[in-house]
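Down below is the structure, laid out as structure tokens.
Side-chain atoms are counted along with the backbone in the values below, which use heavy atoms only and exclude waters and symmetry mates.
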Amino acid sequence: MASSSSRYKDKDAGVVLSFNGQWVSWSHTVAASLAFLSALVIGSALHYHKIVQNEWYGYPQEWFPSVSATIGDRYPERSIFMLFIAITSGPRFALVGLWYLLTAKPGRTLPKLIAGSGIIRTLTCGGWTYITSTDDHDWHDVLMISYIVFTIPWTTGCIALSPPNAKAIKYRKYIASAFFGTLVPLVYFFIQHKVHRVPGAYTIYAFFEWALIVFDVSFDAVTALDFDSLEITIRDVKGASKGVNKSSVPTAVLDKEKEQATGGVYSAGFRFGEFLDIAADVYHGFVFWSILTSLGVVIWYFPLWHMGISGYEALVMTTISPFLLGIKPLRSFTVSNQRIAHLLSLAGLLAYLVKDPVYRLFTVGFGVSMGCLSWAATWYSDSVQPTRLEARILAWTIGLLMSSVAKFAWYTNNPIWPIMHAENGGWNATGLFLAILAALRFTRRGPLHGGNTTEKKSGSAVLSAIGIGGLFFGLHSLLSDTSTMILWVWDGYPIRGPVSNVHGWYTIAAMTAGVLIGVLQPGLATSWTAYGLGCIGAAYLTLYEQWRGYYGGLTLAAYLMVIAVPMISNAAKKSPAVTFGLGFLIYNFLVLFHVWVVAYAFVPGGPLVREHTDWLMITMMLSIGVGLFDLISQQAKNNNKKKVGVRRPGNTHHRKYHFGVLGVLNLLFLSANFLRFPTNDYKPHHAKDRLFTAGIWTIHFSLDNDMWSSEYRMRDLIKEMEVDVIGLLESDLQRVIMGNRDTTQFLAEDLGMYVDYGPGPNKHTWGAALLSKFPIVNSTHHLLPSPVGELAPAIHATLDVYGTLVDVFVFHSGQEEDPEDRRLQSEYLSKLMGSTNRPSVLLSYLVTEPLKGNYNTYVSDVSGMHDVDKTDWDRWCEYILFKGLRRTGYARVSRSTITDTELQVAKFVVPNSEEDSKFAWGVSEDVRDRRVEEHEVPEGWRFPKMFRGQGVRGHRYHVFDEPRYYNF
């Protein structure tokens, strides 16, 4: 370590005091270390048992405090911590300033950006340390996330800008690797604590949290090795700021080492114009995917209300517009006027202004048609220049990833879809404004050829088209939402696999890795080995549940992104009418296949592919394999010297901007992930009365009568009715035709409820889900006998209700047209309900008249269940049954325009003693069904008054015009 000294200078020379720059580093390190260490020591001495206590466990299961608990709300450690942090701020700002002066060179933008990130990082550090989660939880989280986000460019930027000092570069690489590597076990043990409630997990998490503090402070301490060349005059006395190399290691070697450590992202300078081009390209790709993924949703609206094929399904074929490029004059016009075509595609975003569902559908269809046509023309035009073509394809694929990020932030809805508007969280106007700017920027460069070029006879356009169809379908059906593959492998409680709002980033990470491998390792990307791994991943995803199945899905996700760039590049060099026109036609076939496997009871030829998602996955992978065969064949013909991948573009400067956008999108996702992390501390509405309100609602796939997404309106009614446990039917939206959505995520997180999604999308049902304010101890999924009609899903869950285990069944019966199916299902469910001797509730859709037919199988000695109100004769679909509980109320609430079915709710009191339990089980029918007036029951047992009379927003108590009450 170089020594330093302080000395007075001659005042005539203009220098009063001079000291070595490394003292700035040491003072920052000492002050920051004292802040945390003093809080740890004093907190452990004065409040040890309190600061190791968390929401689940205390000492001795948890025995080491976390950083947040140590520096939190207790006096005096919090005050001492804040004092030293305040002292740290001076050296901290000085450190950032000195680093900028040391690394700044004429014409370089990067040092300014890194200095800016360092200042913001310092300010946000002060924010989350002075504003604790107790003071303001939201602002504490926002500032904490911002600090972590800006740590990434600060860390990588410091490595890239390091002066030629081998020791400093080595330490920075090691410490940075340790810092980011620690994040993985940190998140893992936090999930073990927060979600799985593992004793001792938080203590291990605390060690990793403290390790982050050590690595963070240590990384900045390394600046002492560089600042010893500076004296605070401020004057460079050793020439390091001018790039003079003091070490024995050659400068070229050190520069190469820095470039490898940062992935080359900071090499070759930074040009704002180029960055703006790439950002616009990616956003334009995001817009394409937003419009394409919205088409299925707006089509799906019509067969829902027609209860069968409506004719509007034909608009799925709007994607085959690239066939028009087979007409040479039209191809020439489209290629030469790409700006017009791309701007016309934005009609799909304008569709939200069209109120009539039919016209809105046709507007979206036009936008999809122009989008597919314009992108095919762009790829074809740019195919003569590998660099530009690669940039276009990367923008398109990263646009898909951006779409998935946006959908995660908006709880699986895309904020610019035409089923969104301001009332349900849409950002349509903002999205459209940015889309226009992006499209203009995207098309500002002219086409590389006019569209009259004769296609080279290089390989088979048909084989390439087959591969394109399989690839596009795989990207859309599996990767357009991060929760899709997670729900494929979901199998209930206790949780034994990934969860959508906790592990969704793994899908984004796999997609990101796929993009990087596809671009940086083209030989590997286009190998049969990679294809084989993709096939294995597809098989695991299809055949297995829990983590094993999801690992297969991640492998497949990475492979689909790996192969995208080379496969689309190969297709762009052939006839676009064939490769993309036929490709989209095959894609459409797979999309319909995707629906047919579950909608077999409503479509011609449906029974032939009933429940055969495995056939669909095989078809998809074989199609990709056909395209890969053509690609590899072309590579072999074009290169007789050795096996190589796709020809590498000469100028790859665009990659650093694309990779930078990938990094930003990952950070945005992780920020949303942090904000959406489950709290698992949900409270019922009437805990003092030991009462819970249970409901059943058929939500019609979360599309209201006017073709708007209905989650917000459902949320409002469920909250205002004070529902604690609710079964949702027709809730499986994880298909292309339904937008790959999941309503339960928004409802569960906004209402503060645990959720069981029910049988996943690969179980071929229309969905049955359970939301509960009480912990779900165990749940199993059942597919009831359905030899002819649609599959009947059921959930059997055990809840911890005020310390008593209560079983809840959620069930959707088969159709009216299949009486034998419904008979078999009634027998199965009756036996299932009769198998438990715990208090139970059935929330169901039975398709039967009260007191007749299958009703007497559900309400029988076998099941032990009782009807919530056997005198309610005006029922056919929704029923609530119960046993072993005191039913105190029952109401039917009109649906307004949210769906086609009402909300039914019932109130139950859980027995508080063994004597109460025996009474609830053995009470006579006359006593159990005795009705009373509302004023005769406690206030906590009553339904909200706001829905009496005309109610609110179209919701009111109907049929009886008021709730019914019981008291025994």
Side-chain angles (χ1 to χ4, degrees), residues 191 194-197 407-408 410-413 481-504 545-546 550 673 675-685 692-699 701-702 710-712 714-715 717-719 723-734 740-761 763 765-782 793-801 806-812 841 843 903:
I191 293 172
K194 194 72 174 180
V195 178
H196 303 294
R197 304 184 184 182
K407 287 185 68 182
F408 181 85
W410 267 263
Y411 302 92
T412 75
N413 274 326
D481 189 87
T482 55
S483 58
T484 299
M485 295 189 299
I486 290 176
L487 294 174
W488 272 47
V489 302
W490 169 254
D491 70 341
Y493 286 79
I495 296 173
R496 297 174 291 268
V499 180
S500 297
N501 59 349
V502 176
H503 305 104
E545 296 178 332
Q546 303 172 20
Y550 187 51
N673 205 167
L675 295 175
R676 286 189 54 189
F677 206 88
T679 59
N680 292 337
D681 58 352
Y682 314 126
K683 307 298 182 185
H685 290 95
F692 71 92
T693 303
I696 179 67
W697 203 0
T698 306
I699 60 174
F701 304 97
S702 301
S710 56
E711 291 91 347
Y712 278 49
M714 286 191 284
R715 180 271 315 273
L717 181 58
I718 294 171
K719 179 185 293 184
V723 178
D724 300 300
V725 179
I726 188 167
L728 302 179
L729 304 175
E730 296 183 358
S731 57
D732 185 357
L733 317 180
Q734 283 291 350
N740 291 99
R741 298 180 292 150
D742 178 11
T743 298
T744 67
Q745 291 185 40
F746 171 75
L747 293 177
E749 293 179 43
D750 195 274
L751 294 169
M753 305 176 86
Y754 301 92
V755 59
D756 185 342
Y757 183 85
K763 300 301 190 297
T765 77
W766 295 121
L770 171 67
L771 283 78
S772 169
K773 284 189 172 292
F774 303 99
I776 303 175
V777 178
N778 187 78
S779 65
T780 54
H781 303 156
H782 300 262
I795 300 174
H796 176 195
T798 302
L799 312 183
D800 180 357
V801 184
V806 176
D807 284 3
V808 175
F809 300 87
V810 181
F811 169 61
H812 192 308
V841 176
L843 309 171
L903 170 65

Problem set entry | Distance, nearest 0.5 Å, that separates CE of Met753 from CD1 of Ile726 | 7.0 Å
Exercise. Would Thr484 and Gln734 count as having a side-chain donor-acceptor pair, cut-off 3.5 Å?
Worked result: yes
Exercise. Is the backbone N or O of Val755 less than 3.5 Å from a side-chain atom of Tyr493, with the two atoms forming a donor-acceptor pair by type?
Worked result: yes
Exercise. Hey, are Ser779 and Asp756 close enough side-chain-wise for a donor-acceptor pair under 3.5 Å?
Worked result: yes
Exercise. Under 3.5 Å, is there a donor-acceptor pair between the side chain of Asp724 and the main chain of Thr693?
Worked result: yes
Exercise. To the nearest 0.5 Å, what is the distance between OG (Ser710) and CG (Leu717)?
Worked result: 11.5 Å
For this session: Grab the two heavy atoms, one from Ala769 and one from Val810, that are nearest each other, plus how far apart they are.
Result: O-CG1, 3.8 Å
For this session: Can you measure from CZ (Arg715) to OG1 (Thr743) and round to the nearest 0.5 angstrom?
Result: 13.0 Å
For this session: First locate atom CG of Leu733, then atom CD of Glu730, and finally report the distance between them rounded to the nearest 0.5 Å.
Result: 10.0 Å
Exercise. Using a distance-only test with no angle check, is there a side-chain donor-acceptor pair under 3.5 angstrom linking His796 and Asp807?
Worked result: yes
For this session: Could you tell me whether a side-chain N or O of Lys763 sits under 3.5 Å from a main-chain N or O of His781, the two making a donor and an acceptor?
Result: no
For this session: Drop me the distance from Leu747's CG to Tyr712's OH, to the nearest 0.5 angstrom.
Result: 11.0 Å
Exercise. Hey, is the main chain of Gln546 close enough, under 3.5 Å, to the side chain of Asp491 for a donor-acceptor pair?
Worked result: no
Problem set entry | Where Pro761 and Trp488 come nearest, the two heavy atoms and their spacing | CG-CD1, 3.3 Å
Exercise. Can you find a side-chain donor-acceptor pair between Tyr754 and Asn680 that sits under 3.5 Å?
Worked result: no
Exercise. Can you tell if the side chain of Ile486 reaches within under 4.5 Å of the side chain of Tyr550, non-hydrogen atoms only?
Worked result: yes
For this session: List the atom of Gly727, the atom of Ile696, and the distance in Å for their closest heavy-atom pair.
Result: O-CD1, 3.4 Å
Exercise. Are any non-hydrogen side-chain atoms of Glu545 and Arg496 less than 4.5 angstrom apart?
Worked result: no
Exercise. Can you check side chain to side chain donor-acceptor pair (under 3.5 Å) on Tyr411 and Asp742, steps first, answer last?
Worked result: CA-CA 7 Å; Tyr411 302 92; Asp742 178 11; over 6 Å; no
Problem set entry | Any donor-acceptor N/O pair, Arg741 side chain to Phe701 backbone, under 3.5 Å | yes
Exercise. Within the side chain of Lys719, is there an N or O that forms a donor-acceptor pair under 3.5 Å with the backbone of Leu751?
Worked result: no
For this session: Decide whether a cation-pi geometry holds between Arg676 and Phe408; the criteria are a distance under 6.0 Å from NZ or CZ to the six-membered ring centre and an angle within 45° of the ring axis.
Result: yes
Seminar exercise, completed: All heavy atoms of Asp732 vs all of Pro759, minimum pair found to be OD2-O, 4.4 Å
Exercise. How many angstroms lie between atom CE of Met714 and atom CG of Leu728, to the nearest 0.5 angstrom?
Worked result: 7.0 Å
